[in-house]
Amino acid sequence: MVDLSVLKRERDEAFIAKAGPALYAELLPKLRKVKLARYVVIAVETGGYETGGTMAEAADAFERKHGDALGYIRRIE
Amino acid sequence: MTQIVGVVSDRLWPLLPLAVSGMRGTLWALVDTGFEGSLMVPESERQRLRLVRTSLMASGVNADGTSSLVSVGRVTLDWLGATITVRTHVPSTTMIDGEMHYRSPIVGMIGLHLLQGLRLSFDLYPGRPVIVEQAR
């Protein structure tokens, strides 16, 4: 029997892998101006984002605001 | 608890005991100062570590310059006398998969963020202690 949750997870991961880097590239000039922001989590379905000094800070802020939306985390370079 | 004491393994791996909250038994984690996250455990350890899935994925750069995207979960640990929830990278495989220290499994890698603000000290000889404590 097909495990639908696995299929959904694989589809979500593929979407994050495709949309995340493109959104990050678009947002980068703006992100570089945010003070003390070293990490960003981007909501790949809406383009919203949260930043933080650490991955945990950014992820906590993201989950507070966006709940369990699909998120792409990366260090701001 | 003011310090956590581990050991340098026969392979010169600095190991720390990993205390998953509410769980008995000894698990070890390798200290990897080249890893910028807090904790990394392979997918195969998900159940043993009671890892909670999230809807997040993290992009990172590997030692060879390639990039990868891995799932992010949450693990609850007893750490220096406190119970903390740690954002955890969950790749499909890691270099420590199936590795043991004597009869106890090495289940993950501890990175810089879990050690931030702490003192990490060890002499790189097999059997010597690896100590994590509050920085003075």
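A note on names: the letters A, B, ... follow the listed sequences, proteins ahead of strands, and every chain is numbered from 1.
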Checklist entry - Quick one: what part of B:Val86 sits under 4.5 Å from any heavy atom of chain A, side chain, backbone, both or neither? => result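 Neither; nothing under 4.5 Å.
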
Checklist entry - So what's closer than 4.5 Å to chain A heavy atoms on B:Ser71: side chain, backbone, both or neither? => result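 When you check distances to chain A, only side chain atoms of B:Ser71 fall under 4.5 Å.
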
State yes or no: do [X] and [Y] share one hydrophobic cluster built from I, L, V, M, F, W and Y residues joined by side-chain heavy-atom distances below 4.5 Å, directly or via other members?
X	Y	answer
B:Val75	B:Val31	yes
B:Met23	B:Leu39	yes
B:Ile4	B:Leu15	no
B:Val132	B:Leu18	yes
A:Tyr72	A:Leu23	yes

Item to check | CD/B:Gln47: more than 12 non-hydrogen atoms of other groups inside 6.0 Å | outcome: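 At most 12 heavy atoms, drawn from other residues, nucleotides or ligands, come within 6.0 Å of this atom.
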
Item to check | A:Asp68 versus chain B, the contacting section by heavy-atom distance below 4.5 Å | outcome: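 For A:Asp68, heavy atoms of backbone and side chain both lie under 4.5 Å from chain B.
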
Item to check | Residue pair A:Ile16 / B:Met57: nearest heavy atoms and the distance that separates them | outcome: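 Closest heavy-atom pair between A:Ile16 and B:Met57: CD1-CG, 3.8 Å.
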
Checklist entry - Closest heavy-atom contact between A:Ala69 and B:Ser55? => result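 For A:Ala69 and B:Ser55, the tightest heavy-atom pair comes out as O-OG, 2.6 Å.
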
Next on the checklist: Can you tell me how far apart CG (B:Leu69) and CD1 (A:Ile73) are? Round to the nearest 0.5 Å.
Outcome noted: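 If I round to the nearest 0.5 Å, the distance is 9.5 Å.
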
Next on the checklist: Counting only non-hydrogen atoms closer than 4.5 Å, can you tell me which residues of residues 35-63 of chain A sit against chain B?
Outcome noted: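 When heavy atoms of chain B are the reference, residues 35-63 of chain A contributes A:Arg38, A:Tyr39, A:Val41, A:Thr54, A:Met55, A:Ala56, A:Ala59, A:Asp60, A:Phe62, A:Glu63 within the under-4.5 Å range.
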
Checklist entry - Are there residues of residues 90-123 of chain B that reach to under 4.5 Å of chain A by heavy atoms, and which ones? => result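 Listed by number: B:His113, B:Gln116.
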
